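Just so it is clear, the structure is predicted and the values come from calculations on it, not from any experiment. Remember, it's 1-based here, ligands and their atoms both numbered in the order they're listed. Excluded from the calculations below are hydrogen atoms, water molecules and symmetry mates; all remaining heavy atoms, backbone and side chain alike, are included.
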Amino acid sequence: MATINFGGVEEHVVTRDEFPLEKARAILKEDTIAVLGYGVQGPGQALNLRDNGFRVIIGQRRDSASWQKAEADGWVEGETLFSIEEAAARGTILANLLSDAGQIAVWPTLKKHLTAGKTLYFSHGFGITFNDQTGIIPPPDVDVILVAPKGSGTSLRRLFVAGGGLNSSFAVYQDATGQAYEKAIALGIGVGSGYLFETDFKREVYSDLTGERGVLMGALAGIIEAQYQVLRQRGHSPSEAFNETVEELTQSLVPLVGENGMDWMFSNCSVTAQRGALDWKGRFRDATLPVLNELYDSVASGQEAARTIQRGSTPGYRRELEAELQEVRDSELWQTGATVRELRSKATKKVEEGYALFAEGN
Ligand SMILES: NC(=O)C1=CN([C@@H]2O[C@H](COP(=O)(O)OP(=O)(O)OC[C@H]3O[C@@H](n4cnc5c(N)ncnc54)[C@H](O)[C@@H]3O)[C@@H](O)[C@H]2O)C=CC1
Ligand SMILES: CC(=O)[C@](C)(O)C(=O)O
Ligand SMILES: [Mg+2]
Ligand SMILES: [Mg+2]
């Protein structure tokens, strides 16, 4: 394992070079990986594992949209696609990729099939860290490990198909066989991770819940709404407010941050923009610090977990969630977004047509 210096702090990182796919396959050659749940992470991880040559089966509720999706992806009922219980019985590695609330309901069934020497795998520290609320307490004679891709299952699959990898964190909670560590890494490589960063279950779930509620999703959505509202109330048109809040962010500036850092994005903008952004960033940092600290406290106290479980276990919750998303989709802000995206794809087509004409020598 490589020790890499991150901004002055040393951390352990596993790379695909030092832990190649052949090694991962050799470690898991006797195993059947049962991917339980075929929502977002399930398909990404299961398809990558299958394409990487591992023995994979799916466990999913019948008569669900996810079951149909699994069939469409080439999993075959009775061969590689089973009920959750059947897959749990057949698998030696049980990859618990049900929703975090769903994991509670299914736990008694899973527990029955966690016989000595099997491996229980998660992609989130949630169930174990908050086990006072989830009741997920594994028997002592199984390995309990985690590989958490740091991004959507959709991106995990897309990057894999494109030949790349998404970074993941990994952790061992319980090592009953003495092989938990290398199994975790082998699975991390198998699901298509680029680099694997070592963590523990608690740090994974605390940082994950904070990140998604904060900058990655909650804060991003909130600050976008706020700026759009200000621009609209001050008389700007929807397209102008949207372009200056979202379109330029996603199409131009954030990709530059990803490529070479914040200072590089800044230095590719005007001096005027740089002056203003440097002057204002402290204000935004200070305004959001108390909210982010409140958020972290709410994660660490288990309050966020309680809400996730309480809402997630309510019958009809998916429909409520979809209604909330529909409200976002229907807002002027995101309706404007839909129109801007349509224009964008028309513009791309025009450019492509132009290239095609050019290539034909017309
Ligand atoms: N969505 C993502 O890309 C990421 C998810 N994770 C973690 O991976 C795990 C899986 O997350 P997602 O794929 O988003 O899950 P999801 O919310 O898409 O649900 C997965 C599956 O669980 C099944 N399910 C839910 N409740 C059930 C119940 N009571 N009985 C039987 N089946 C039930 C659903 O049919 C669905 O196929 C979670 O621990 C999540 O925190 C980690 C990284 C990213
Ligand atoms: C995609 C991801 O990593 C999240 C945002 O943490 C999640 O879906 O839970
Ligand atoms: Mg995450
Ligand atoms: Mg998450």
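- For T129, there are no side chain to side chain donor-acceptor pair (under 3.5 Å) partners, not counting sequence neighbours.
- Between the S301 side chain and the S298 main chain, a donor and an acceptor come within less than 3.5 Å of each other.
- Using a 4.0 Å cut-off between charged side-chain N and carboxylate O, D31 and R25 make no salt bridge.
- Of the heavy atoms in H124, none comes closer than 4.0 Å to ligand 2.
- Using a 4.0 Å cut-off between charged side-chain N and carboxylate O, D208 and K150 make a salt bridge.
- For atom 3 (O) of ligand 2, the nearest protein heavy atom (residue, atom name, distance) is G151 N, 3.6 Å.
- A cation-pi contact, defined as under 6.0 Å to the ring centre and within 45° of the axis, is absent between R285 and W280.
- A salt bridge is defined here as a Lys NZ or Arg NE, NH1 or NH2 lying under 4.0 Å from an Asp or Glu carboxylate O, and R311 with E320 meets this definition.
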(request) Report the C-alpha distance between L81 and E71 in whole Å, list the side-chain angles of each, state the deciding distance to 0.1 Å, and finish with yes or no for side chain to side chain contact (heavy atoms under 4.5 Å, CB included). (result) CA-CA 8 Å; L81 177 59; E71 285 188 318; 3.5 Å; yes
Task: Check against salt bridge (charged side-chain N to carboxylate O under 4.0 Å, His left out), E322 and R318 - done: CA-CA 6 Å; E322 181 44 43; R318 289 272 168 176; over 6 Å; no
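- The atoms of ligand 2 that sit less than 4.0 Å from any heavy atom of S152 are 1 (C).
- Counting the atoms of ligand 2 from 1 in the order shown, those under 4.0 Å from a heavy atom of E212 are 4 (C), 5 (C), 6 (O), 7 (C), 9 (O).
- Taking the ring centroids of F122 and Y173, they lie at or beyond the 6.0 Å cut-off.
- Heavy atoms of D208 come nearer than 4.0 angstrom to ligand 2 in at least one pair.
- Short contacts between ligand 2 and M217, defined as distances under 4.0 Å to a heavy atom of the residue, involve ligand atoms 5 (C).
- Take a cut-off of 2.8 Å around the Mg ion (ligand 4): the protein N, O or S atoms inside it are D208 OD2, E212 OE1.
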